[in-house]
K.L.:
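Submitted below is the structure of interest, expressed as structure tokens.
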Amino acid sequence: MSIAKTYSPADVEAKWYQRWQEKGFFHAKPNPRKPAYSVVIPPPNVTGVLHMGHMLNNTIQDVLVRRARMQGKEACWVPGTDHASIATEAKVVALLQEKGINKKDLTREEFLTHAWDWKEKYGGIILEQLKKLGASCDWDRTRFTMEPELTDAVLRVFVDLYRKGQIYRGIRMVNWDPKGGTALSDEEVIPKDTMAKMYHLRYEVVISEQLSVVSAQGESDNQQLTTNNYLTVATSRPETIMADVAVAVNPNDPRYQHLIGQRVRIPLLGRDIPVISDEYVSIDFGTGALKVTPAHDLNDYELGLKHNLPVIDILNNDGTLNEKAQLYVGQDRFAARRNIVKDLEEAGLLDKVEEYASVLQTSERTGAVIEPRLSLQWFCKMDHMAKKALEVVENDEIKLHPPKFKNMYRAWMENVRDWCISRQLWWGQRIPAYYLPDGSFVVALNEEEALKLAREQSGNQNLEASDLRQDEDVLDTWFSSWLWPISVFDGFKDPDNADINYFYPTDDLVTAPEILFFWVARMIMAGLEYRKEVPFRNVYLTGIVRDAQGRKMSKSLGNSPDPLDLIAQYGADGVRTGMLFSSPAGNDLLYDVKLVEQGRNFTNKLWNAFRLTQGWEVDAALPFANGKAVEWFGAKLQATLAELDEHFEKFRMSDALMTVYKLVWDDFCSVYLEMVKPAYQAPIDAETLRHTTAYLETLLKLLHPFMPFITEEIWHELAERTDNDYLCVAAWPKPQPVAGATELLARMDKALDIVAGIRNIRNQKGLGPNKPLTLAAKTDDTQLLQDYDGILRKLGALTEINVVDAAPAAAVGFVSGGAEFFVPLEGQIDLGAEKERLSKELEYAQGFRDSVLKKLANEKFVQNAKADLVERERQKLADAEAKITALEQSLSAL
RNA sequence: GGGAGAUUAGCUCAGCUGGUUCAGAGCAUCUGCCUUACAAGCAGAGGGUCACUGGUUCGAACCCAGUAUCUCCCA
């Protein structure tokens, strides 16, 4: 036999992947004779390299797609990448920096040239890596979110939504990096734990006539806070008092009841501001009185909106104070802080200074302390779209797997805020808004159209393109990826094209829960808005891949294996199955190398099953000797097939894999092959081989979505295949009910239970697996012994099977079903141990009987429970009694 | 602070509509085997008060209430 003893994946994987591609199996096009099945890949960042999360996510997609393809659907998996504005721009900036080039010295166009160069060079790496995993994407359809066609889609949508009044400009608090002179996303902000100072400042209460008597009824320490008609306010940022527009207290705070509605005077500055009340203020933090500075704090900003307060912005872009501050103008915020503290102290307005633990937000890029800053941004209204997008999930038009995410989704959609879609970056789709010299603007697909609109709007026919200035900002990357399921089929440019009509809505989406809102929800919105149809039917949410200790995988921890190394070491099939063994939907996957080892071992097991059947010589003269085994495995296979399909329908991928795993390893290898395997170097009969090969082929089909490479390899080794006879496109087996299957399976289980009893005795008595034994059976079911005679002899290594009326002398016994079995073992019997074992079993059986009796004696049970349930209980009772009798006899025979 | 989910064997998880003594799977562990397909293997075995406390029910891992612990999301 020339087949290697262990399977070596490296030799076959590249070969088959190339063949599949050459054959065009992954390419899909509209085909009226077939049902469509489509999946769009969550486009990985162009900056990305394959990590464990991608491996899990794409393995799941590939399993779904390959199965669909085998089911005869026109399976289309659209791959592509995402331009990832922020990440990519940061990468390019860093790369330029290494070359000594500063972004600030470049024009927009120059910078973009560098960025495109970078994208061309590195942007496709991850897709190449996916091929190593076996991903059966339709590579002819590879898209990129910033390619011209998709950019066109983005701009069209922007213009359209703007014209529908869904897009507007508004004020928003951003993370401002005063050193870098740019806004940062939340992801670029690093929180640092620090000790900060809390300054207690005195705001003089402005006494008005109406107030005079009511005050000062609080407790002693409360009085302290307002003594001498001062309200003490605690703040960590005293330099911002010039931007104060109110002081807020909690309406339930007894200390300040009398001050609500009154006015206080800002220290040093002398401007009067109102005291307002809001539940937001926490009573125990600081002094319970909060200064409200809408321009420089997000929460204050919202408070300001709620209470209709003005906004005073006292900071310049570089973090220095502007004229609106009136004091310390031109000083840096930190210098101003030092100075104002000194001045407050001298004026006797600084009550005290406390230290407290706080979190300082700093810039990832410059290290500067982030300044929350109001800025003019573009927004997309969410309320209307969110409502519809919630509906389709609520009514299960789109199903989330697992369904627990529905709650999360609902919570978010009900509290959704308008979407800030502008970013102060260059890499991305530039916002198609054009400003006129008078500061007004028009929104248009291109400059030409913009000029036309601008002339109309201004009434000035002399306007020229050069008078218009396009918005400097680009759109949020999600503003292109939310169109992905439509734009990859060119559904915006050509809304009625054959591809989109055929493949949209897509079927399944596989992604991570973290982007359920950012991406999934918005795709649903876009789908409903532009196709009036949901973008997909099922959303499968994967977990996060963690290490064995439950920590996230990260570069800095160094706890993530390199996926390509893993594939090289364990084979793509081994890695794929390893990843799936322990990852129920929505649950995090605790990665352990043991998992891929298990996967690799499984491929090896399959390989050896194949090897075994290949080694058999056929003797055409031999009669069909394995009817029972063949019949049984046929029934088992069909039953499992139904179970497997059910798991797939419910998106239980791990369970589906485990089902096939056990079918192959336990039922096929450990049981079936052992039953039909001829003795060493003995030939096999043709009929058995034919069935066995057919079974193996069916198993290969079931395994193929999980382990595409090894199964394709064996498929071609098993037989000469015609041109397009690839497992990749073989028909997925349909479950076909086997007559009397339940009975067949139950009978074999009984026979196997007897085998287990024999093997157990071998183990206990230290007999080798091949030492010939005889079996004595005391049973009514002699038919079982006849039918399974060959199997019992082979698996039990028995030389004879005798039916007896009483236990033979000097034998070890066991009970199986309602019958007793004995293995005569001269001189090896430990009477005491035997007795103890039987007594134990008897005790258990009696307990069982008693519990059933008790149940049946309960009138309410008999009345209330379903009839068949009661009937089953009666049957149980009968079985138990038979067993007890058998055991009692055995005991007395000892 | 608000919300959601979880808690079952050493680990990761199943357990559908409450009904077999229902407590299960894989891995890990232990014992014995190099039995010519596979030691990346074979055959067996052990292991759990279903987080806790009450309640509903003829019957609860499952339903209800409370408690504890953990995770995630939002602020």
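Within every chain, numbering begins at 1; the chains are lettered A, B, ... in the order of the sequence lines, protein sequences first and strands thereafter. When reading the values below, keep in mind they use all heavy atoms of this one structure, side chains included, and skip hydrogens, waters and symmetry mates.
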K.L.:
Would you state whether a donor and an acceptor, one from the side chain of A:R600 and one from the base of B:A40, lie under 3.5 Å apart?
P.N.:
yes
K.L.:
For A:G766 and A:T6, take the nucleotide of RNA chain B holding the closest heavy atom to each; which residue's nucleotide lies nearer the 5' end?
P.N.:
A:G766
K.L.:
Between protein and nucleic acid, restricted to nucleotides 69-75 of chain B and to nitrogen or oxygen atoms under 3.5 Å apart, what atom pairs and distances do you find?
P.N.:
none

K.L.:
Any chance you could lay out the salt bridge (charged side-chain N to carboxylate O under 4.0 Å, His left out) test for A:E302 and A:R417, step after step, and finish with the verdict?
P.N.:
CA-CA 13 Å; A:E302 308 234 311; A:R417 295 160 63 166; 3.3 Å; yes
K.L.:
A:N601 side chain N/O closer than 4.0 Å to the phosphate oxygens (OP1, OP2) of B:G41?
P.N.:
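Indeed, a polar side-chain atom of A:N601 lies that close.
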K.L.:
So, does the side chain of A:K605 form a donor-acceptor pair with the base of B:C38 at under 3.5 Å?
P.N.:
yes
K.L.:
For atom P, what is the distance between B:U20 and B:A60, given to the nearest Å?
P.N.:
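About 11 Å, rounded to a whole number of Å.
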K.L.:
Just checking A:E414: base, sugar-phosphate only, or nothing, at a heavy-atom cut-off of under 4.0 Å?
P.N.:
nothing
K.L.:
Using a 4.0 Å heavy-atom cut-off, does A:W665 contact any base of the nucleic acid, only the sugar-phosphate backbone, or nothing at all?
P.N.:
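A:W665: backbone/sugar contact only, no base atoms under 4.0 Å.
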K.L.:
For a stem of at least 3 consecutive Watson-Crick or G-U pairs with distances under 3.5 Å, i pairing with j, i+1 with j-1 and so on, which stems involve RNA chain B?
P.N.:
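B:1-7 with B:68-74, B:10-13 with B:24-27, B:29-33 with B:41-45, B:51-55 with B:63-67 - these are the stems of 3 or more pairs that involve RNA chain B.
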K.L.:
If we take the P atom in both B:C16 and B:U8, what is their distance in whole Å?
P.N.:
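Comparing P positions in B:C16 and B:U8 gives a spacing of 16 Å.
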K.L.:
Is there a side chain to side chain donor-acceptor pair (under 3.5 Å) between A:D753 and A:S816? Walk through the geometry before answering.
P.N.:
CA-CA 7 Å; A:D753 195 52; A:S816 171; 2.7 Å; yes
K.L.:
So, is A:Y409 close to the B:G3 phosphate, meaning a side-chain N or O under 4.0 Å from OP1 or OP2?
P.N.:
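Result: no.
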K.L.:
Roughly how many Å apart are B:G18 and B:A61, using the C1' atom of each and rounding to a whole number?
P.N.:
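So the two C1' atoms sit 10 Å from each other.
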K.L.:
Quick one: is B:G32 close enough that its OP1 or OP2 comes under 4.0 Å of any side-chain N or O from A:K765?
P.N.:
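Checking B:G32 against A:K765, no side-chain N or O comes under 4.0 Å of OP1 or OP2.
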K.L.:
Taking O4'-C1'-N9-C4 for purines and O4'-C1'-N1-C2 for pyrimidines, is B:U21 syn (within 90° of 0) or anti?
P.N.:
syn
K.L.:
Which nucleotide sits closest to the side chain of A:K650: B:A37, B:C16, B:G44?
P.N.:
B:C16
K.L.:
Would you classify A:R652 as touching base, sugar-phosphate or nothing, given that sugar-phosphate means primed atoms plus P, OP1 and OP2, and contacts are heavy atoms under 4.0 Å?
P.N.:
sugar-phosphate
K.L.:
For A:D592, which contact category applies under a 4.0 Å heavy-atom criterion: base, sugar-phosphate, or nothing?
P.N.:
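Nothing, no nucleic acid heavy atom in range.
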K.L.:
Expressed in whole Å, how much space separates the P atoms belonging to B:A6 and B:G46?
P.N.:
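About 33 Å, rounded to a whole number of Å.
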K.L.:
Under 3.5 Å, is there an N or O donor on one side and an acceptor on the other linking the side chain of A:E674 and the base of B:A37?
P.N.:
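In this structure, the two groups form a donor-acceptor pair.
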K.L.:
From the options B:U35, B:A14, B:G26, select the nucleotide whose nearest atom is closest to the side chain of A:D655.
P.N.:
B:A14
K.L.:
Using 30° and 60° as the class limits, which term best fits the ring planes of A:F651 and A:Y540: parallel, tilted or perpendicular?
P.N.:
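Ring orientation, 0 to 90° scale: tilted.
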K.L.:
Just compare B:A43, B:A40, B:A28 and give me whichever is closest to any side-chain atom of A:R759.
P.N.:
B:A43
K.L.:
Under 4.0 angstrom, heavy atoms only, what part of the nucleic acid is A:N760 near: base, sugar-phosphate, or nothing?
P.N.:
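Result for A:N760 = sugar-phosphate.
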K.L.:
Looking at every strand, decide which applies to A:A411 at a 4.0 Å heavy-atom threshold: base, sugar-phosphate, or nothing.
P.N.:
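Here A:A411 touches no strand at all.
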K.L.:
NA contact type, A:S670, heavy-atom cut-off 4.0 Å: base, sugar-phosphate, or nothing?
P.N.:
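A:S670: backbone/sugar contact only, no base atoms under 4.0 Å.
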K.L.:
Please work out if A:F405 contacts a base, only the sugar-phosphate, or nothing of the nucleic acid, heavy-atom cut-off 4.0 Å.
P.N.:
nothing
K.L.:
If I pick the C1' atom on B:G48 and the same atom on B:G24, what distance separates them, to the nearest angstrom?
P.N.:
11 Å
K.L.:
Write down the distance separating the P atoms in B:C27 and B:C74, rounded off to the nearest Å.
P.N.:
38 Å
K.L.:
Is it true that atom CD of A:E617 has more than 12 heavy atoms of other residues, nucleotides or ligands lying nearer than 6.0 Å?
P.N.:
no
K.L.:
Closest heavy-atom contact between A:M653 and A:V63?
P.N.:
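Taking every non-hydrogen atom into account, CE-CG1, 3.6 Å.
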K.L.:
Think A:N407 has a side-chain N or O under 4.0 angstrom from the OP1 or OP2 of B:G5?
P.N.:
yes
K.L.:
Expressed as a whole number of angstroms, how long is the span from A:L644:CG to B:A14:P?
P.N.:
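Result: 18 Å.
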K.L.:
On RNA chain B, compare the nucleotides closest to A:L673 and A:T603; which residue's is nearer the 5' end?
P.N.:
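Residue closer to the 5' terminus by nearest nucleotide: A:L673.
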K.L.:
Return each pair, listed once, that meets salt bridge (Lys or Arg N to Asp or Glu O under 4.0 Å) where at least one residue sits in residues 580-595 of chain A; pairs must be two or more places apart or across chains.
P.N.:
A:R546-A:D588
K.L.:
When you measure from the side-chain N and O atoms of A:N763 to the phosphate of B:A43, is any distance below 4.0 Å, counting only OP1 and OP2?
P.N.:
no
K.L.:
Pick base, sugar-phosphate or nothing for A:K662, based on heavy-atom distances below 4.0 Å to the nucleic acid.
P.N.:
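Result for A:K662 = sugar-phosphate.
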K.L.:
If the C1' atom of B:C63 is compared with that of B:U69, how far apart are they to the nearest Å?
P.N.:
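Their C1' atoms lie roughly 23 Å apart.
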K.L.:
Apply salt bridge (charged side-chain N to carboxylate O under 4.0 Å, His left out) to A:R410 and A:E394, showing your working.
P.N.:
CA-CA 8 Å; A:R410 182 186 308 116; A:E394 289 284 10; 2.5 Å; yes
K.L.:
How about NZ on A:K750, more than 12 heavy atoms from neighbouring residues, nucleotides or ligands closer than 6.0 Å, or not?
P.N.:
no
K.L.:
Rounded off to whole Å, could you give me the CG-to-P distance for the A:L657 and B:C27 pair?
P.N.:
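So the two atoms are 12 Å apart, to the nearest Å.
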K.L.:
In terms of the angle between their ring planes, are A:F814 and A:F821 parallel, tilted or perpendicular, with boundaries placed at 30° and 60°?
P.N.:
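Because their plane-to-plane angle is under 30°, the rings of A:F814 and A:F821 count as parallel.
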K.L.:
If I pick the P atom on B:G54 and the same atom on B:C72, what distance separates them, to the nearest angstrom?
P.N.:
32 Å
K.L.:
Looking at every non-hydrogen atom in both residues, tell me the closest pair between A:S277 and A:H307 and how far apart they are.
P.N.:
O-CE1, 3.4 Å
K.L.:
Check the orientation of A:W478 and A:F518. Use parallel for under 30°, tilted for 30 to 60°, and perpendicular for over 60°.
P.N.:
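Aromatic pair A:W478/A:F518 classed parallel.
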K.L.:
Describe the nucleic acid contact of A:Y680 in one word from base, sugar-phosphate, nothing, applying a heavy-atom distance below 4.0 Å.
P.N.:
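Base, at least one base heavy atom under 4.0 Å.
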K.L.:
Aromatic rings A:F517 and A:W412: how do their planes relate, parallel, tilted or perpendicular, breaks at 30° and 60°?
P.N.:
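A:F517 and A:W412: parallel rings.
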